[in-house]
Amino acid sequence: MHFSPGAPILRSYDLVNWEYFSHSVPSLDFDYPGFDLNSSSAYNLGIYASSLRYHESTGIFYWIGCIQQLGRTYVYTASHTEGPWKQTSVISDYCYYDDGLLIDDDGAMYVSYGKWVPDGNQAQIWVAQLTDSLQNQNSSTVWHTTPDVGYVEGTRFYKINGTYYIWLTNPGIGYGEIVLKSSGGPFGPYDDWHRVLGNNETPVPGTGNPYQGAIIDTPEGDWWYVAFINNFPGGRIPILAPISWDSDGWPNVDFVDENRWGSSYPYPLPEHPVTPITGTDKFKGRELGPQYEWNHNPDNSKWSVGQGLNLQAATVTDDFFMAQNTLSHRILGPNSTATIQLDYSLMMDGDNAGLVIFRYDAAWIGVSKSEHKTTLQMVDNISMNDTTGWHTTNKGNVIASTNISGGNIWLRVDCDISGSPGYATFSYSHDGTHFSSLGQTHSMADGAVFFVGDRYGIFNYATKKLGGQVIIKSFAISTQDSITV
């Protein structure tokens, strides 16, 4: 998507508990000015489904993904998953849509991929072989869909016990997953397929049915399927279930009650705690943690960490969605609270800075500086639509405001994404302990258009001229009870 750095990497030791670890794409360096919010934007563009693999013989990690709107595929590599990652190849003439990378036993690299088509009955799957310089060596169609399958995408490519499999999500039937099996090599023939999921019941009440994802084997030889379920506006939630292989070499999810993904299974591996999402960050390190992503590429000359997060205004605009250097963090569901301590003493006339909840709609609580006074505002009804390519349709309305002074304030947003739509309320404090509400309850747009959930964001932008700055002394996430609406 349009968040930078992109293609996040998470780490787990037990397939259940995950922590933010790194990013495969350090910046959205795709030769398109919209990713820099330079006179245009790249909302809902950028990185979609991509693939990450380790090449055992070379000790190199590979990330590969197509930037669909540009029609180009990019390859990034690193010796360690924590980086540094570098852009190694651009495959200009091929878009490996929703690709799956396979590194064969002899080191040859293959990519399975699809293509979006308006008529799902015309869907195809391709396989390409890469050259040593990570360019397209040859590519051919290996499978055409059938009327009882419909549209397919989201490929994952495996070689298991000498047999090649392509794992496909099947939105042509709603929430489905099928697997193709080759009776030959990586290019097929793929003359048979098997249904893994078909609108099976959800393990999480109020969410969509499981689909897409990937399979993985443990050191003990057990197989597991990591899929996801839609829970907008919160986003997509990963879920896990064991897999058994039948006598014909097909994988099958171990359902309960015939066709329902279980609400709980035994741990695949010994439980291993990881860094929690909750907690307080005072930005004392030399760099931002991997849990953060900027809304589009940042202006790196306008921010720093070490003594808090220093955000200089990077853009002159009256449109939040066009302001550079909004630092985002994914919401923690089903209920959570985000709180920042904001030093606004160095803001300038016309600056706005604060805490936002956003996706393709937004609401914020923040400090607005004018020449003669400083006010705290709650702004709601900020929105975009895709009628002409995701442009702002409403810059928002000030719902409530109050005069403030002193240069320091705590801002808070409480979010409930346990249902659809989700809700957010805003409050503030002068001492970090006693909070007062401001404004109205924000109702989050709950469509799946962006394929990502709402995010917390920290922003500072100018409406008149650059030069102002704020310091975020802390950013905290905690869990909480549901919001009463």
**Study point:** Residues Ser420, Asp446; criterion side chain to side chain donor-acceptor pair (under 3.5 Å); working and verdict
**Key:** CA-CA 6 Å; Ser420 181; Asp446 60 355; 2.4 Å; yes
Minimum-distance pair of heavy atoms, taken over all atoms of [X] and [Y]:
| X | Y | value |
| --- | --- | --- |
| Ala128 | Asn136 | CB-OD1, 3.3 Å |
| Gly419 | Pro233 | O-CD, 4.0 Å |
| Ile229 | Gly208 | CG2-O, 3.2 Å |
| Thr155 | Gly100 | OG1-N, 3.1 Å |
| Ile417 | Gly234 | CD1-CA, 3.6 Å |
| His23 | Pro290 | CE1-O, 3.1 Å |

Less than 3.5 Å apart, any donor N or O on the side chain of [X] or [Y] sitting next to an acceptor on the other?
| X | Y | answer |
| --- | --- | --- |
| Ser40 | Tyr32 | no |
| Trp143 | Gln124 | no |
| Asn460 | Gln312 | no |
| Thr326 | Asn295 | no |
| Asp416 | Ser418 | yes |
| Asn352 | Ser368 | yes |
| Trp63 | Ser50 | yes |
| Thr393 | Ser383 | yes |
| Gln377 | Ser401 | no |
| Gln469 | Asn310 | yes |
| Thr77 | Thr88 | yes |
| Asn209 | Thr202 | no |

Over 60° means perpendicular and under 30° means parallel, so tell me whether [X] and [Y] are parallel, tilted or perpendicular.
| X | Y | answer |
| --- | --- | --- |
| Tyr74 | Phe30 | tilted |
| Tyr175 | Tyr211 | perpendicular |
| Phe358 | Phe320 | perpendicular |
| Tyr94 | Tyr96 | tilted |
| Tyr43 | His296 | perpendicular |

Could you tell me if the side chain of [Y] sits less than 4.5 Å from the side chain of [X], heavy atoms only?
| X | Y | answer |
| --- | --- | --- |
| Pro298 | Ser4 | yes |
| Ile472 | Asp343 | no |
| Phe426 | Arg412 | no |
| Ile399 | Met378 | yes |
| His442 | Ile357 | yes |
| Thr463 | Thr317 | no |
| Ile178 | Val152 | yes |

Would the [X] and [Y] ring centres measure less than 6.0 Å apart?
| X | Y | answer |
| --- | --- | --- |
| His430 | Tyr428 | yes |
| Trp167 | Tyr225 | yes |
| His329 | Tyr292 | yes |
| Trp85 | Tyr76 | no |
| Phe321 | His391 | no |
| Trp390 | Tyr360 | yes |

Could you tell me the separation between the [atom1] atom of [X] and the [atom2] atom of [Y], rounded to the nearest 0.5 Å?
| X | Y | atom1 | atom2 | result |
| --- | --- | --- | --- | --- |
| Leu180 | Ser112 | CG | OG | 9.0 Å |
| Ile91 | Cys66 | CD1 | SG | 9.5 Å |
| Leu37 | Ser39 | CG | OG | 10.0 Å |
| Thr402 | Ile404 | OG1 | CD1 | 8.0 Å |
| Ile471 | Ile340 | CD1 | CD1 | 12.5 Å |
| Ser263 | Ile239 | OG | CD1 | 11.0 Å |

Exercise for review: Using a cut-off of 6.0 Å, state whether more than 12 heavy atoms not belonging to Asp31 lie near its atom CG.
Suggested key: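 Incorrect, the count does not exceed 12.
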Practice item. Show the numbers, then the answer: is there a side-chain contact (heavy atoms from CB on, under 4.5 Å) between Ser24 and Ile9? Key: CA-CA 7 Å; Ser24 312; Ile9 299 173; 3.4 Å; yes
Exercise for review: Evaluate the criterion side chain to side chain donor-acceptor pair (under 3.5 Å) for residue pair Trp294 and Asn297; output intermediate values, then yes/no.
Suggested key: CA-CA 6 Å; Trp294 300 96; Asn297 285 329; over 6 Å; no
Practice item. Might you work through the salt bridge (charged side-chain N to carboxylate O under 4.0 Å, His left out) test for Lys369 and Asp349, ending with a clear yes or no? Key: CA-CA 5 Å; Lys369 180 74 173 179; Asp349 180 24; over 6 Å; no
Practice item. I would like to know whether Tyr97 and Thr73 meet side chain to side chain donor-acceptor pair (under 3.5 Å); could you show each step before the answer? Key: CA-CA 8 Å; Tyr97 178 93; Thr73 298; over 6 Å; no
Check your understanding: Between Asp319 and Lys395, is there a salt bridge with N-O shorter than 4.0 Å?
Key ->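 No, no charged N to carboxylate O under 4.0 Å.
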Point to revise | Criterion side-chain contact (heavy atoms from CB on, under 4.5 Å) on Met1 and Val452, from CA distance to verdict | key: CA-CA 8 Å; Met1 300 300 283; Val452 294; 3.8 Å; yes
Review point. Under 6.0 Å from the six-membered ring centre of Phe3 and within 45° of its axis: does the NZ or CZ of Arg455 meet both?
Key: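 Yes, a cation-pi geometry.
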Point to revise | Arg53 NZ/CZ over Tyr62 ring centroid, <6.0 Å and within 45° of normal | key: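 Checked: cation-pi criterion not met.
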Review point. Could you go step by step and tell me if Trp303 and Leu288 meet the side-chain contact (heavy atoms from CB on, under 4.5 Å) rule?
Key: CA-CA 11 Å; Trp303 70 274; Leu288 286 169; 3.7 Å; yes
Exercise for review: Take Asn394 and Asn397 through the side-chain contact (heavy atoms from CB on, under 4.5 Å) test and state the conclusion after the steps.
Suggested key: CA-CA 8 Å; Asn394 191 334; Asn397 312 107; 4.2 Å; yes
